[in-house]
There are 2 protein chains.
Amino acid sequence: MSTDRLSLIFSALADPTRRAILARLAEGEATVNQLAEPFDISLPAVSRHLKVLETAGLITRSRNAQWRSSKLEAAPLREAAEYMDKYRRFWDVSFSRLDAHLRTIQQVPKNQESGNEHATEHH
Amino acid sequence: MSTDRLSLIFSALADPTRRAILARLAEGEATVNQLAEPFDISLPAVSRHLKVLETAGLITRSRNAQWRSSKLEAAPLREAAEYMDKYRRFWDVSFSRLDAHLRTIQQVPKNQESGNEHATEHH
DNA sequence: CCGTTAATTAACTGATCTGTTAAATATGCG
DNA sequence: CGCATATTTAACAGATCAGTTAATTAACGG
């Protein structure tokens, strides 16, 4: 029984259909039928995927008449990102406590417009 | 048929034993027996976990006499982190193109430090 | 060689996953 | 109410998963 949060989150993310559903929800809330539309699988199958995502905390759902709207929830994604961050030093050659510290106090300006700013919050 | 890289990575990470193995490997290479030592499961079970991690690209293995050493590999973790990063705006309230721009030119310091809550990985 | 140690493979089991179709439930509306 | 629409639940099938024990392979060292 792997009922710990991270296991729930990672196994929810392990399915491509569920990741596609999350990607869709990143653009806004949607009903089950709307979410099912791009896929070749039955509605009950989508319903079960949503249940998995809900159990992992990746979505919340509300009812509006006979429609159930799904909404992306951030917390578990953040949790997963924080897990990855523990391993950042293994791939980010420019990552070290010293380097992070320097970036924090110096705020080295970036010429690129890719707002990739994980220097301020984490470590 | 979910043989895509991200699915392999996330399902490898979905198991707490495998995450514990990765955590151990973050401290350095180790043999199968050394990796198996903390767990109550058989050696073949650990061997299979290593196979899963290897298939996901999360470790590589080398042979030294009768010992097989496992080594943590960064690329898949980075890949997973980059996936998460696409959703960063959903949890990081201070994250947006505008906000990143403002931080770049204004140098707003942020010193919030969150404790490392999920340190225990074993089951 | 032979015995020992390290690790994997084989064969099997029970549980969980992903999908199906059919039936059930929930809600709005004429 | 009674029908249509949206969604979930039930029951089932096949695949994959995580574990076991027993057998096998690989390499070293007397």
Legend entry - Hydrophobic cluster membership, Ile9(B) vs Met84(B), 4.5 Å side-chain cutoff: yes
Legend entry - Spacing of Arg48(B) atom CZ relative to dC17(D) atom C1', expressed in whole Å: 8 Å
Inset, instruction - Would you indicate, yes or no, if dG19(D) has its OP1 or OP2 atom less than 4.0 angstrom from a side-chain nitrogen or oxygen of His49(B)? - result: yes
Inset, instruction - Find out whether Leu58(A) and Leu13(A) are in side-chain contact, i.e. whether some heavy atom of one side chain is under 4.5 Å from a heavy atom of the other. - result: yes
Inset, instruction - With the side chain counted from C-beta on, respond yes when Leu35(B) and Arg24(B) share a heavy-atom pair under 4.5 Å apart, and no when they do not. - result: yes
Legend entry - Cluster link Ile59(B) to Trp67(B), ILVMFWY, side chain under 4.5 Å: no
Inset, instruction - May I ask you to list the residues of residues 29-42 of chain A, by number, that have any heavy atom positioned under 4.0 Å from an atom of DNA chain C? - result: Asp40(A), Ile41(A), Ser42(A)
Legend entry - Whole-Å gap separating C1' (dA10(D)) and NZ (Lys51(A)): 14 Å
Legend entry - Lys51(A) NZ: over 12 foreign heavy atoms closer than 6.0 Å: no
Legend entry - Proximity to the side chain of Pro44(A) - top-ranked nucleotide from dA11(C), dT8(C), dT9(D): dT9(D)
Inset, instruction - For Phe10(A) and dT16(C), give me the distance from atom CZ to atom P, rounded to whole Å. - result: 21 Å
Legend entry - Contact residues, residues 55-72 of chain A to DNA chain C [heavy atom, < 4.0 Å]: Arg63(A), Ala65(A), Gln66(A)
Legend entry - Atom pair distance, as rounded to whole Å: CG in Leu50(A) and C1' in dT7(D): 10 Å
Inset, instruction - Could you state the atom-to-atom distance from CG of Leu43(B) to C1' of dT8(C) in whole Å? - result: 9 Å
Inset, instruction - Check the distance between dA15(C)'s C1' and Asp15(B)'s CG and give it to me in whole angstrom. - result: 14 Å
Legend entry - N/O (side chain, Ser47(B)) to phosphate O (OP1/OP2, dA7(C)) under 4.0 Å: no
Inset, instruction - Begin with the C-alpha distance, continue with both residues' side-chain angles, and end with the deciding distance and a verdict on side chain to side chain donor-acceptor pair (under 3.5 Å) for Ser69(B) and Arg63(B). - result: CA-CA 6 Å; Ser69(B) 190; Arg63(B) 185 182 277 290; over 6 Å; no
Inset, instruction - Look at the side-chain heavy atoms of Ile, Leu, Val, Met, Phe, Trp and Tyr, link any pair under 4.5 Å apart, and say whether Tyr87(A) and Val52(B) land in one connected group. - result: no
Legend entry - Closest non-hydrogen atom pair between Ala45(B) and Ile41(B), with its separation: CB-CD1, 3.9 Å
Inset, instruction - Taking the side chain as every heavy atom from C-beta outward, state whether Asp4(B) and Phe10(B) have any atom pair closer than 4.5 Å. - result: no
